[in-house]
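Because the structure is predicted, anything quoted here is derived from the model rather than measured.
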Amino acid sequence: VSYKDRAGTASTMSPGPLRVVSARHDRCVVPGHKSRLHADELDAICLALEDDDGTVVELDLSDRGLGDADVEVLSGPLCQCRTVRILNLKNNNMTYDGVSTLANFIRSIEGGENEETSPFLQVVEELNIGWNNVLDRGIVSLSMALREAAELRRLFINNAALSDEAVASISDMLKCIHVEQLHLRH
């Protein structure tokens, strides 16, 4: 069930430990604790992303137990957002399917001949998908999608056993954009 199917009830529900933190130059949506993200928290995050009013600049969902279905729910609103510059999905339960879904959403917002780069892809500066079970196919899919991420400066793909194909795909991506930090530890 997507967040839109629950949106009517989510607006009347308290988002629990989710809070929006605003500082002078640093605004982010951060869950208040490190545990499994609840459906109402995910709904609140999706609604905040959909508002796209500039308050969500950093989205840290590391260590929250996000699976492929959660990433699919998050991908639509995230990829339409013009303000999220830092996305941290480190150490969740994503597999190739989740990363592939995210890659497909960030690659384009329309299919066919009218493909247009997603707003998220135009502004993202840092992406962390490390410590997930994304496999080589996930890395290939994501690196192909990121070839148009002109603002991407930091990419974390830690703890991924990379095949020659994945390394070649990352290398091709690096020929298209200027990444300052590429983390491939473990």
Side-chain angles (χ1 to χ4, degrees), residues 21 23 25-31 33-37 41-42 45-46 49 56-79 81-107 117-186:
V21 177
H25 297 290
D26 183 24
R27 296 183 206 157
C28 59
V29 171
V30 290
H33 54 77
K34 297 285 186 183
S35 64
R36 176 99 173 101
L37 194 69
E41 292 174 312
L42 186 58
I45 291 168
C46 289
L49 291 172
V56 184
V57 174
E58 178 178 350
L59 185 57
D60 183 0
L61 295 173
S62 59
D63 304 303
R64 295 309 301 257
L66 293 176
D68 295 336
D70 299 319
V71 173
E72 185 174 355
V73 168
L74 181 66
S75 291
L78 173 67
C79 295
C81 189
R82 300 178 191 284
T83 60
V84 174
R85 295 187 177 354
I86 299 171
L87 176 61
N88 187 348
L89 296 172
K90 174 185 168 190
N91 200 29
N92 280 290
N93 298 320
M94 290 189 323
T95 68
Y96 159 75
D97 291 331
V99 172
S100 180
T101 298
L102 178 63
N104 288 337
F105 270 99
I106 66 175
R107 188 174 298 133
T117 304
S118 76
F120 171 76
L121 191 58
Q122 297 170 10
V123 299
V124 64
E125 297 171 6
E126 180 176 311
L127 178 60
N128 188 340
I129 60 155
W131 299 94
N132 283 287
N133 191 22
V134 297
L135 306 174
D136 284 338
R137 295 178 304 167
I139 301 301
V140 170
S141 178
L142 185 66
S143 61
M144 288 174 51
L146 293 176
R147 289 180 184 177
E148 295 183 42
E151 300 299 317
L152 186 66
R153 297 296 176 254
R154 292 169 302 284
L155 179 60
F156 297 82
I157 312 175
N158 299 334
N159 198 43
L162 302 176
S163 69
D164 291 344
E165 180 185 9
V167 171
S169 184
I170 292 169
S171 178
D172 289 344
M173 174 196 68
L174 294 173
K175 292 173 185 173
C176 299
I177 60 175
H178 179 73
V179 173
E180 296 170 359
Q181 296 177 17
L182 176 61
H183 296 261
L184 301 170
R185 285 179 288 167
H186 302 284

Measuring from atom CZ of Phe156 to atom CG of Leu184, what distance do you get when rounded to the nearest 0.5 angstrom? 10.5 Å
For a quick test of reading the model, state the closest non-hydrogen atom pair linking Pro119 to Cys79 and the distance between them. CD-O, 3.1 Å
Polar side-chain atom of Ser169 near backbone of Glu165 as donor-acceptor pair, under 3.5 Å: no
Distance in Å, Glu41 CD paired with Arg64 CZ, rounded so as to fall on 0.5 Å steps: 5.0 Å
Any Leu127 side-chain heavy atom under 4.5 Å of Leu142 side chain: yes
Treating Asn92 as the side-chain partner and Gly65 as the backbone partner, does any N or O pair qualify as donor plus acceptor under 3.5 Å? yes
Give me the one residue out of Val124, Val71, Ile106, Leu49 that meets side-chain contact (heavy atoms from CB on, under 4.5 Å) with Leu78. Leu49
Search all heavy atoms of Ala166 against all heavy atoms of Asp136 and return the closest pair with its distance. CB-OD1, 3.6 Å
Under 30°, 30 to 60°, or over 60°: which ring-plane class applies to His186 and Trp131, parallel, tilted or perpendicular? tilted
For a quick check under 3.5 Å, do Thr95 and Asp68 share a side-chain donor-acceptor pair by atom type? yes
Looking only at non-hydrogen atoms, find the nearest pair between Val99 and Met94 and report the distance. CG2-CE, 3.7 Å
Phe120 and Arg82, any side-chain heavy atoms less than 4.5 Å apart: no
Is any side-chain heavy atom of Ile45 closer than 4.5 Å to one of Val56? no
Decide yes or no for Leu59 and Leu74: does some side-chain heavy atom of the first lie under 4.5 Å from some side-chain heavy atom of the second? yes
Taking the side chain as every heavy atom from C-beta outward, state whether Ile170 and Leu155 have any pair of such atoms under 4.5 Å apart. no
Quick one: does Asp172's side chain get under 4.5 Å of Ser143's, heavy atoms only? no
Side chains of residues 84-91: which donor-acceptor pairs under 3.5 Å do they make with residues two or more places apart or in other chains?
unit_1 : atom_1 : unit_2 : atom_2 : d
Asn88  : OD1    : Lys90  : N      : 2.9
Asn88  : ND2    : Asp60  : OD1    : 3.4
Asn91  : ND2    : Asp63  : OD1    : 2.5

Pair Arg153 + Glu180: basic N to acidic O under 4.0 Å: yes
Nearest heavy-atom neighbours spanning Asn93 and Asn132: N-OD1, 3.6 Å
Any ion pair linking Arg107 and Glu148 (charged N to carboxylate O, less than 4.0 Å)? no
For the residue pair Thr117 and Gln122, confirm or rule out a side-chain donor-acceptor distance under 3.5 Å. no
Nearest heavy-atom neighbours spanning Ala145 and Ala103: CB-O, 3.5 Å
Looking at CZ of Arg137 and OG of Ser163, how far apart are the two atoms once the value is rounded to the nearest 0.5 Å? 11.0 Å
Spacing of Ser75 atom OG and Glu72 atom CD [to the nearest 0.5 Å]: 7.5 Å
Is there a side-chain contact between Ile139 and Val134 in this structure, where contact means two heavy atoms from C-beta onward sitting under 4.5 Å apart? yes
Nearest heavy atoms of Val123 and Glu151, plus distance in Å: O-CB, 4.0 Å
Between the CZ atom in Arg185 and the CG atom in Asn158, the distance rounded to the nearest 0.5 Å is 5.0 Å
How far does CG of Leu146 sit from OG of Ser141, to the nearest 0.5 angstrom? 9.5 Å
Would you mind reporting whether Glu126 and Glu58 have side-chain heavy atoms less than 4.5 Å apart? no
